[in-house]
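Reviewing the structure listed below.
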2 protein chains.
Amino acid sequence: MKIDPNTKTDLSAQIAKAIRDAIVEGRMIVDERLPSEAELAEQFEVSRPTVREALKRLAAQSLIRTQRGAFGGAFVKRLSYEEAYGQHVTTSTLLLSMNAVSFETACEARYALERACAPLACARRSADHLATMRAEIHRQTQPGLSDESFCASDVAFHRALVDAAGNPVLSYQLAGAVEAMQPLMNMITFTARSRETIERLHTRIADALDTQDAAAADTALHELEAYTLTLGHDVMAARARKAT
Amino acid sequence: MKIDPNTKTDLSAQIAKAIRDAIVEGRMIVDERLPSEAELAEQFEVSRPTVREALKRLAAQSLIRTQRGAFGGAFVKRLSYEEAYGQHVTTSTLLLSMNAVSFETACEARYALERACAPLACARRSADHLATMRAEIHRQTQPGLSDESFCASDVAFHRALVDAAGNPVLSYQLAGAVEAMQPLMNMITFTARSRETIERLHTRIADALDTQDAAAADTALHELEAYTLTLGHDVMAARARKAT
DNA sequence: GCCTTTAAATTGTCAGACATTTAAATGTAA
DNA sequence: TTACATTTAAATGTCTGACAATTTAAAGGC
């Protein structure tokens with residue numbers, strides 16, 4: 001491990017990259033201990049604060065964990081689904097909010113991904129998943145539910161649908177799309193009437209999973225996408241009217 | 001902004017979280033300038049190195065960028081698709097390699113997601129996308145191509161398929177799944193015979209997009225998934241034999 | 001043999017200093 | 001007045017040295 005002396009980029013960024021590459025390329029394995037900060041400083045010929053900044057960068061990406069005390073230090077960390085999931089949601093949310101992604105684009109992506117899960121979910125759904133979906137549907141019919149709570153329940157319902165596919169990689173990938181959409185969905189004011197329509201479609205989806213009818217699930221998801229789009233357009237139109 | 005004095009977690013992690021929350025919740029907008037390191041140190045009542053470690057954590061997540069010189073400082077950064085994509089690929093790759101995800105699970109997720117794009121890709125594919133796909137197919141027929149190069153071309157082909165759907169959110173989400181699979185795919189030794197089969201299936205997919213036949217694309221992707229699975233199983237079986 | 005104490009190693013934090021970079025402000029000349 | 005060169009101030013980047021907090025292993029006492 002050697003670092004370049006005088007480029008444009010930060011030394012801490014270079015050091016972080018060197019270590020990150022070692023981990024990603026498998027030259028360092030999970031739970032392997034990195035040299036101490038003092039040793040790294042010596043190896044890279046920089047000071048300890050610089051090494052520390054590099055290590056914090058890696059810690060922010062959940063690539064290492066640190067432990068204090070004798071025989072402590074920095075260790076290569078096993079990336080868990082939970083952490084990867086959290087990072088993915090954060091990144092996706094920011095990406096949508098900072099880049100003016102249209103409601104249509106986000107909606108289309110979300111439902112395309114959910115339809116990808118539907119056949120697998122029909123084949124593998126457990127009683128547990130079905131119960132979760134029914135419970136969320138029931139919650140959505142409660143009067144006096146705030147728009148935010150309704151959206152949260154909606155996310156929970158769709159997460160159950162995704163998880164029912166029984167593929168953790170799929171769950172991880174899709175969680176970002178579904179959860180990152182929530183702020184966009186929260187813009188919508190759900191009238192009693194639209195809630196009823198959504199609840200009916202949710203019920204059809206749950207029924208399709210129950211009877212393992214992939215085609216019916218696909219159709220219901222298409223209709224739900226179309227209905228969500230019209231709701232979104234109504235909100236936009238209402239805002240445009242108010243603006244004039 | 002105030003920070004807790006004596007919890008278990010690092011001060012720099014707490015500070016990073018406070019600022020990250022401010023960004024994610026929209027209390028700070030893109031290109032807004034953060035207070036200087038000295039000012040942040042004063043506000044949070046910590047030293048400047050601690051603040052710097054916090055800022056490096058945020059920089060590692062592409063949430064801020066820093067600029068030296070007068071009127072420089074840390075600014076909220078607009079998260080680009082490219083950066084989000086890079087982070088997503090890194091995270092996904094590590095998640096797969098560190099958690100012993102089975103070849104079957106990864107394969108299933110990948111093709112389920114690609115099938116989700118297929119109908120959109122059929123509707124919207126441009127001449128450019130088709131040309132890219134044909135070019136990669138041609139490359140895959142070159143004799144003497146290494147397994148690694150063949151895999152890289154395969155990834156390029158599938159990326160073109162995903163991009164053809166014309167939905168950046170979808171491209172971003174799927175890139176992680178497709179690209180993170182590459183190390184797993186690189187394990188496979190592609191015989192001349194298997195390359196020929198894959199090329200035939202790729203051609204069918206390209207043809208389906210060309211004629212905008214979504215059903216044909218779906219079928220071809222299903223067959224390609226099944227064939228990839230058998231190739232993977234052959235490799236596993238060969239290894240098992242060698243191990244005895 | 002078990003418990004307590006001690007010592008050592010390592011990260012977490014701080015203070016202060018200097019180097020480097022950048023843009024605005026200022027000054028100067030055409 | 002405008003264009004260009006110089007100065008200056010603000011900010012990050014880096015270093016040195018130190019001390020605090022934490023944790024484990026080893027030493028020592030019973």
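Only heavy atoms go into these numbers, but all of them, side chains included; no hydrogens, no water, no symmetry mates. For clarity, every value in this text was computed on a predicted model and none was experimentally measured. Below, chain A is the first sequence line, B the second, and so on; all start at residue 1.
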(message) Distance check needed: C:dA9 P versus A:Phe75 CZ, whole Å only.
(response) 16 Å
(request) Respond yes when some side-chain nitrogen or oxygen of A:Thr66 is under 4.0 Å from OP1 or OP2 of C:dT10, and no when none is. (result) no
(message) As a test of understanding, state which of B:Leu40, B:Leu63, B:Ile15 forms a side chain to side chain contact (heavy atoms under 4.5 Å, CB included) with B:Leu55.
(response) B:Leu40
(request) Would you mind reading off the distance between B:Arg52 atom CZ and C:dG16 atom C1', rounded to a whole angstrom? (result) 15 Å
(message) Expressed as a whole number of angstroms, how long is the span from A:Glu53:CD to C:dT11:P?
(response) 16 Å
(message) Quick check on DNA chain D: between A:Pro49 and A:Gly69, whose nearest nucleotide comes earlier from the 5' end?
(response) A:Pro49
(request) Indicate whether any N or O donor in one side chain lies under 3.5 Å from an N or O acceptor in the other, for A:His129 and A:Arg124. (result) no
(message) Nearest whole Å is fine: how far is C:dG12 P from A:Arg65 CZ?
(response) 13 Å
(message) With a sphere of 6.0 Å drawn around CD of B:Glu42, does it hold more than 12 non-hydrogen atoms of other residues, nucleotides or ligands?
(response) no
(request) Kindly indicate whether the side chain of B:Arg48 and the base of C:dG16 share any N or O donor-acceptor pair separated by less than 3.5 Å? (result) no
(request) Starting from the 5' end of DNA chain D, give me the residue, B:Ala74 or A:Ala70, whose nearest nucleotide shows up first. (result) B:Ala74
(message) Show the nearest heavy-atom pair for residues B:Arg139 and B:Leu145, with the distance to one decimal.
(response) O-CD2, 3.5 Å
(message) Using OP1 and OP2 only, check whether a side-chain N or O of B:Thr50 sits under 4.0 Å from C:dC14.
(response) yes
(message) Which residues pass the side-chain contact (heavy atoms from CB on, under 4.5 Å) test with B:Ser47, not counting sequence neighbours?
(response) B:Pro49, B:Thr50
(message) Could you tell me how far apart B:Asp10 (CG) and C:dC14 (C1') are, to the nearest whole angstrom?
(response) 15 Å
(message) For chain B and DNA chain D, what are the first and last nucleotides along the strand, 5' to 3', with at least one atom under 4.0 angstrom from a heavy atom of the protein chain?
(response) D:dA9 to D:dT14
Indicate every side-chain donor-acceptor pair of residues 85-95 of chain B with a distance under 3.5 Å to a residue at least two apart or in another chain.
{"residue": "B:Tyr85", "atom": "OH", "partner": "B:Arg159", "partner atom": "NH1", "Å": "3.1"}
{"residue": "B:Tyr85", "atom": "OH", "partner": "B:Glu179", "partner atom": "OE1", "Å": "2.3"}
{"residue": "B:Tyr85", "atom": "OH", "partner": "B:Glu179", "partner atom": "OE2", "Å": "3.2"}
{"residue": "B:Gln87", "atom": "NE2", "partner": "B:Ala60", "partner atom": "O", "Å": "3.4"}
{"residue": "B:His88", "atom": "NE2", "partner": "A:Gln173", "partner atom": "OE1", "Å": "3.0"}
{"residue": "B:His88", "atom": "NE2", "partner": "B:Gln173", "partner atom": "O", "Å": "3.3"}
{"residue": "B:Thr90", "atom": "OG1", "partner": "B:Gly86", "partner atom": "O", "Å": "3.0"}
{"residue": "B:Thr91", "atom": "OG1", "partner": "B:Gln87", "partner atom": "O", "Å": "2.9"}
{"residue": "B:Ser92", "atom": "OG", "partner": "A:Tyr172", "partner atom": "OH", "Å": "3.3"}
{"residue": "B:Ser92", "atom": "OG", "partner": "B:His88", "partner atom": "O", "Å": "2.8"}
{"residue": "B:Thr93", "atom": "OG1", "partner": "B:Val89", "partner atom": "O", "Å": "2.7"}

(message) Please classify the nucleic acid contact of A:Arg33 as base, sugar-phosphate, or nothing, using heavy-atom distances under 4.0 Å.
(response) sugar-phosphate
(request) Send over the distance from A:Glu37 CD to C:dT13 P, rounded to a whole Å. (result) 11 Å
(message) Are there over 12 heavy-atom neighbours, none belonging to B:His233, within less than 6.0 Å of that residue's NE2?
(response) yes
